[in-house]
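Notes to accompany the following structure.
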Protein chains: 2
Amino acid sequence: MLKLSKLTDYAVVALVRLGQKDEVTTSPVLSRSTGIPEPTVAKVLKILATQGIVISQRGARGGYRLAYPLEEISIAAVIQAIDGPISLTTCVDGGECDARSTCGLGGQWDMVNAAIRNALSAITLADMKNHTVLDRLGGLGNPAPSMLVGPEATA
Amino acid sequence: MLKLSKLTDYAVVALVRLGQKDEVTTSPVLSRSTGIPEPTVAKVLKILATQGIVISQRGARGGYRLAYPLEEISIAAVIQAIDGPISLTTCVDGGECDARSTCGLGGQWDMVNAAIRNALSAITLADMKNHTVLDRLGGLGNPAPSMLVGPEATA
DNA sequence: TTCTATTTGGACCGAAACAGTACTGTTTCA
DNA sequence: TGAAACAGTACTGTTTCGGTCCAAATAGAA
Ligand code: FES
Ligand code: FES
């Protein structure tokens with residue numbers, strides 16, 4: 001469905017919430033303030049900690065805090081942290097593709113990947129919080145001439 | 001992993017191949033010329049047919065042909081046909097999200113979705129075939145200030 | 001006209017990835 | 001020393017995905 005995992009969704013919510021106070025916050029507290037079930041938010045935070053996006057403080061009175069200001073954390077970074085690398089297709093770089101020899105459109109996918117990566121890298125968590133995405137980008141990048149073909153395919 | 005399904009990958013390959021001859025082609029033929037396993041390419045074509053991207057002709061001497069020229073079929077359209085709608089998160093439009101009330105960043109995801117949709121809509125199958133993506137877009141849209149934060153997260 | 005070869009159409013099934021949960025161990029502060 | 005909080009791992013149920021199989025339809029030949 002080309003949708004990012006629910007975990008990533010939660011991660012963004014949690015991170016934005018974290019960025020609102022500049023102090024360590026525990027998983028239970030974050031769970032209550034975000035509405036995300038506690039075990040889940042804990043898992044997400046753990047992953048983000050290993051990826052260096054949040055800094056953890058163990059022990060009593062411990063918790064998590066952002067490793068960078070919201071302005072410096074891009075959506076792409078969060079997605080990569082949770083879901084792994086952003087490569088749309090299997091046939092990139094060292095990827096294996098059954099049809100490699102006959103396919104014809106060799107590494108064209110890399111271009112598509114780059115396009116998406118760029119789109120996601122241009123949006124920061126601060127933008128998510130402040131609703132300023134359009135401003136910063138000056139209008140969502142390239143015009144995009146409608147969806148083309150668009151067999152309304154909304155099914 | 002934010003990767004699109006292998007089926008979509010195959011779909012693009014098959015469609016580009018289809019666009020090279022302006023005549024009906026059968027699944028077995030396409031399978032041989034693309035290297036994609038026959039049952040799989042058949043399935044892909046079937047889906048594309050229901051979505052109106054290719055036109056099917058049943059019976060003996062039947063096969064498939066493109067419903068539009070390659071220039072008018074965007075990557076986004078193909079993805080939507082195979083993988084369903086492009087909505088990165090569960091909490092869009094009518095989507096359900098557990099944390100709706102407390103999350104704070106209401107419909108901000110819609111913006112992200114739009115960004116991706118635009119990036120994908122700007123690339124057509126003809127671009128894939130001719131390697132002219134960069135030309136048409138004048139440089140992949142917005143600069144994208146590095147990945148930001150980029151905890152190399154390539155794991 | 002009938003029959004058959006050919007090709008698409010739709011249903012089915014097994015495998016893999018994902019989300020969520022639970023438990024145990026380690027660290028820190030009061 | 002004890003409680004609080006994170007770290008890591010392992011397990012389980014569910015969903016999605018990739019692949020296979022059989023039935024309906026059409027064109028052409030007999
Ligand atoms: S689609 Fe994989 S090599 Fe072309
Ligand atoms: S993340 Fe779902 S409503 Fe905000």
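Predicted, not measured: the structure shown is a model, and the values here were computed from it. Lettering follows sequence order; numbering is per chain, from 1.
Contact annotation: B:Y10 side-chain N/O to D:dC17 OP1/OP2 distance is not under 4.0 Å. Contact between the side-chain N/O atoms of A:S56 and the OP1/OP2 oxygens of D:dA7 is found at a separation under 4.0 Å. Distances shorter than 4.0 Å separate some side-chain N or O of A:S5 from OP1 or OP2 on C:dA19. Between A:T50 and D:dA7 there is no side-chain N or O to OP1 or OP2 distance below 4.0 Å.
Taking atom CG of residue B:L45 and atom P of nucleotide D:dG19, one finds them 15 Å apart after rounding to whole Å. Taking atom CD1 of A:I82 as the reference point, atom P of C:dA17 lies 18 Å away to the nearest angstrom. Put simply, CD on A:E38 is 14 Å from P on D:dA4, counting in whole angstrom units. Distance, B:E23 CD to C:dT7 P: 13 Å, rounded to whole Å. Rounded to whole Å, atom C1' of D:dG8 lies 16 Å from atom CG of A:L48. Between the CG atom of B:D9 and the P atom of D:dG18 there is a distance of 10 Å, rounded to whole Å. In this structure, B:D83 places its CG atom 12 Å from C1' of D:dG18, rounding to the nearest Å.
Residues A:D127 and A:T124 bring a donor and an acceptor atom of their side chains to less than 3.5 Å of each other.
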Table please: side-chain donor-acceptor pairs of residues 24-31 of chain A below 3.5 Å, with sequence neighbours left out.
{"unit_1": "A:T25", "atom_1": "OG1", "unit_2": "A:E23", "atom_2": "O", "d": "3.2"}
{"unit_1": "A:T26", "atom_1": "OG1", "unit_2": "A:V29", "atom_2": "N", "d": "3.3"}
{"unit_1": "A:S31", "atom_1": "OG", "unit_2": "A:I36", "atom_2": "O", "d": "2.7"}
{"unit_1": "A:S31", "atom_1": "OG", "unit_2": "A:E38", "atom_2": "N", "d": "3.3"}

Q: Might you work through the side chain to side chain contact (heavy atoms under 4.5 Å, CB included) test for A:I82 and A:L48, ending with a clear yes or no?
A: CA-CA 7 Å; A:I82 303 286; A:L48 292 176; 3.9 Å; yes
Q: Going 5' to 3' through nucleotides 21-30 of chain C, assign each nucleotide B (protein heavy atom under 4.0 Å from a base atom), S (under 4.0 Å only from sugar-phosphate atoms) or - (no protein heavy atom that close).
A: B---BBBBB-
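When distances are taken from the side chain of A:S27 to each of D:dC6, D:dG19, C:dG20, the shortest belongs to D:dC6.
Listed by chain and residue number, A:I55 satisfy the side-chain contact (heavy atoms from CB on, under 4.5 Å) test with A:A67 (two or more places apart in sequence, or in another chain).
At a threshold of 4.5 Å between non-hydrogen side-chain atoms, the residues B:M128 and B:L70 do not count as touching. The shortest side-chain heavy-atom distance between A:D9 and B:W109 falls under the 4.5 Å cut-off.
Here the options are A:I116, A:L120, A:V12, the test is side-chain contact (heavy atoms from CB on, under 4.5 Å), and the partner is A:I79; only A:L120 passes.
Residue contacts shown for A:L7 are limited to sugar-phosphate atoms, with no base heavy atom under 4.0 Å away.
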